[in-house]
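Just follow the structure's listing: the first ligand is 1, and inside any ligand the first atom is 1.
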Amino acid sequence: MGVAPQGADESRIVSARGVVMPRLVYGTAWKKERTASLVELALRAGFRGVDTACQPKHYHEPGVGEGLAVLFGEGLSRSDVYLQTKFTPLPGQDPENVPYDAAADIGRQVRQSFEASLRNLRVDRLDGLVLHSPYAEDKDTLEAWRAMESLCEQGGVRQLGISNIYERSRLEYLCREARIAPAVVQNRFYAKTGYDRELRAFCRERGILYQSFWTLTANDQLLAHARMKELGETYERSPAEVFFRFLTQQDIICLIGSSSREHMRQDLAIFDFRLSEAECEEVSALLR
Ligand SMILES: NC(=O)c1ccc[n+]([C@@H]2O[C@H](COP(=O)([O-])OP(=O)(O)OC[C@H]3O[C@@H](n4cnc5c(N)ncnc54)[C@H](OP(=O)(O)O)[C@@H]3O)[C@@H](O)[C@H]2O)c1
């Protein structure tokens, strides 16, 4: 499983591929023309991980590149930022705005999407490339994965991941077939999937880091629970901050797409406190 980097603070973790990743990653979906300024705000607040996608329907990837460029221009080092984007299969794209040749085979689509991401993000290398979702057929998933592996082997990307994969058997298949195993899984974290308990157990066995989204938006009831409020009072934090802290203590990387400077500041400050083992057990019990 991931370990804290040597001599570094608790806000980061090292993947099985040896890539240092922040435990809180700034998410850039749905920000449209505000993307550049919000990425800039997030980096200034202290986020050192950014998640995006080459999927114009939901992400303005060139805006991410614009926001990053401002901070890189001011001296922020590229190596201090974990930058992750996604290849989105055709069914997930707006047919009117596909960022690659929709008629090309899957391998070429992956390469074209990757090239577009490098241009959009104004970088020559990615830290993470995530398959946005498995295809309906495993053979298509594998075709996309093979192209992603080639990009990794050629040095264009440091690690690979897969998102929206809720069946353990499908992840097992990918791990069995892969030359380069997924380093991250990015999923919706909510009650409907039993919080991916089984899938996360498999990820732990294989040293795959789990990234959560919908962490707040799909967990209203949990956040309103009296025990979460009490823990918030104990540590003088909101239940949202307590929940993020709990998850980071389980080695879950949280995607946070806040547009609020105050929420960004509060979320990044969760590493100033630590829940006890007994308290983590109590929060775990609320997820059962
Ligand atoms: N792989 C996929 O298919 C997929 C799907 C969805 C999302 N994602 C990724 O995950 C990222 C996060 O998306 P999300 O759906 O989890 O929701 P989100 O964009 O992070 O939204 C969280 C909501 O919670 C509110 N909030 C309240 N208190 C907060 C606090 N302390 N910190 C942060 N937010 C707080 C935010 O409001 P304020 O703005 O006022 O803070 C915001 O409205 C996306 O940007 C994207 O990168 C991936």
Side-chain angles (χ1 to χ4, degrees), residues 21-32 34-39 41-42 45-47 49-61 63-64 67-68 82-89 91-93 117 120-121 126-135 160-166 171 182 184-190 192-193 195-196 199 209-220 222-224 228-229 231-232 235-248 252-273:
M21 305 167 69
R23 290 179 194 262
L24 301 181
V25 169
Y26 189 64
T28 60
W30 314 299
K31 298 187 163 41
K32 299 186 175 167
R34 294 182 69 206
T35 303
S37 59
L38 286 170
V39 166
L41 186 68
F47 277 92
V50 179
D51 174 82
T52 186
C54 193
Q55 185 198 31
K57 184 159 88 169
H58 294 306
Y59 296 78
H60 182 41
E61 205 181 35
V64 177
L68 285 166
Y82 173 76
L83 181 56
Q84 169 180 290
T85 192
K86 307 183 195 85
F87 164 71
T88 307
Q93 300 282 4
S117 289
N120 289 339
L121 296 168
L126 296 172
D127 301 305
L129 180 62
V130 173
L131 178 57
H132 211 146
S133 66
Y135 285 80
L160 304 178
I162 185 160
S163 181
N164 295 299
I165 185 156
Y166 297 96
L171 185 58
V184 299
V185 158
Q186 180 179 123
N187 270 1
R188 236 171 261 149
F189 192 70
Y190 66 160
K192 201 172 151 197
T193 56
Y195 294 96
D196 275 342
L199 191 91
L209 290 173
Y210 183 95
Q211 301 181 337
S212 73
F213 63 87
W214 282 20
T215 317
L216 298 186
T217 43
N219 288 299
D220 282 353
L222 181 101
L223 293 164
M228 292 301 285
K229 287 187 178 162
L231 286 169
Y235 292 98
E236 299 182 336
R237 311 283 166 142
S238 68
E241 292 160 67
V242 169
F243 195 38
F244 284 139
R245 188 62 182 118
F246 162 75
L247 294 172
T248 59
I252 292 178
I253 293 174
C254 302
L255 294 165
I256 295 179
S258 175
S259 300
S260 142
R261 186 197 304 262
E262 188 54 13
H263 284 157
M264 291 181 189
R265 190 193 61 73
Q266 290 169 348
D267 296 345
L268 289 163
I270 60 170
F271 300 101
D272 299 349
F273 75 103

Counting from 1, what ligand 1 atoms have a heavy atom of [X] closer than 4.0 Å?
X	result
Ser163	1 (N), 2 (C)
Ile256	20 (O), 33 (C)
Gly27	11 (C), 44 (C), 45 (O), 47 (O)

Testing Leu171, Asn187, Val185 for side-chain contact (heavy atoms from CB on, under 4.5 Å) with Tyr166, which one passes?
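With Tyr166 as partner, Leu171, Asn187, Val185 yield a single side-chain contact (heavy atoms from CB on, under 4.5 Å), made by Asn187.
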
Under a plain distance cut-off of 3.5 Å, with no hydrogens placed, do Asp267 and Tyr26 share a side-chain donor-acceptor pair?
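No, no side-chain donor-acceptor contact under 3.5 Å.
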
Arg245 side chain to Thr248 side chain, donor-acceptor N/O pair below 3.5 angstrom
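Short answer, yes.
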
Shortest protein contact, [atom] (heavy atom only):
atom	result
atom 40 (O) of ligand 1	His263 ND1, 3.6 Å
atom 26 (N) of ligand 1	Leu216 CD1, 3.7 Å
atom 14 (P) of ligand 1	Trp214 N, 3.7 Å
atom 39 (O) of ligand 1	Ser259 N, 2.8 Å

Run the salt-bridge test on Arg188 and Asp196 with the 4.0 Å N-O cut-off and return the result as yes or no.
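Salt bridge flag = no for Asp196 with Arg188.
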
Quick one: does ligand 1 sit under 4.0 Å from the side chain of His132, the backbone, both or neither, non-hydrogen atoms only?
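It is the side chain that touches ligand 1; the backbone stays farther off.
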
Using a distance threshold of 4.0 Å (strictly less than), state whether [atom] has a protein heavy-atom neighbour.
atom	answer
atom 8 (N) of ligand 1	yes
atom 44 (C) of ligand 1	yes
atom 36 (C) of ligand 1	no

What I want to know is whether [X] and ligand 1 share at least one N or O pair that is separated by under 3.5 angstrom.
X	value
Asn164	yes
Asp267	yes
Ser238	no
Gln266	no
Ser258	yes
Ala29	yes

Mutual orientation of the aromatic rings belonging to Phe243 and Phe189 [parallel < 30°, tilted 30-60°, perpendicular > 60°]:
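Rings of Phe243 and Phe189: tilted, 30 to 60°.
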
Mind checking the CZ-CG spacing from Arg23 to Leu247? Nearest 0.5 Å is all I need.
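Rounded to the nearest 0.5 Å, the CZ-CG separation comes out at 11.5 Å.
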
Working note: Thr28 + Thr52, criterion side-chain hydrogen bond (donor to acceptor under 3.5 Å, both in side chains); need CA distance, chi angles, decisive distance, verdict.
CA-CA 6 Å; Thr28 60; Thr52 186; 3.2 Å; yes

side-chain hydrogen bond (donor to acceptor under 3.5 Å, both in side chains) against Arg261, all qualifying residues, sequence neighbours excluded
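Expected list: none.
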
Counting heavy atoms only, which of [options] comes nearest to [atom]?
atom	options	result
atom 20 (O) of ligand 1	Gly257, Ser260, Ala218, Gly92	Gly257
atom 1 (N) of ligand 1	Gln186, Met264, Gln211, Arg265	Gln186
atom 5 (C) of ligand 1	Tyr59, Phe213, Trp30	Phe213

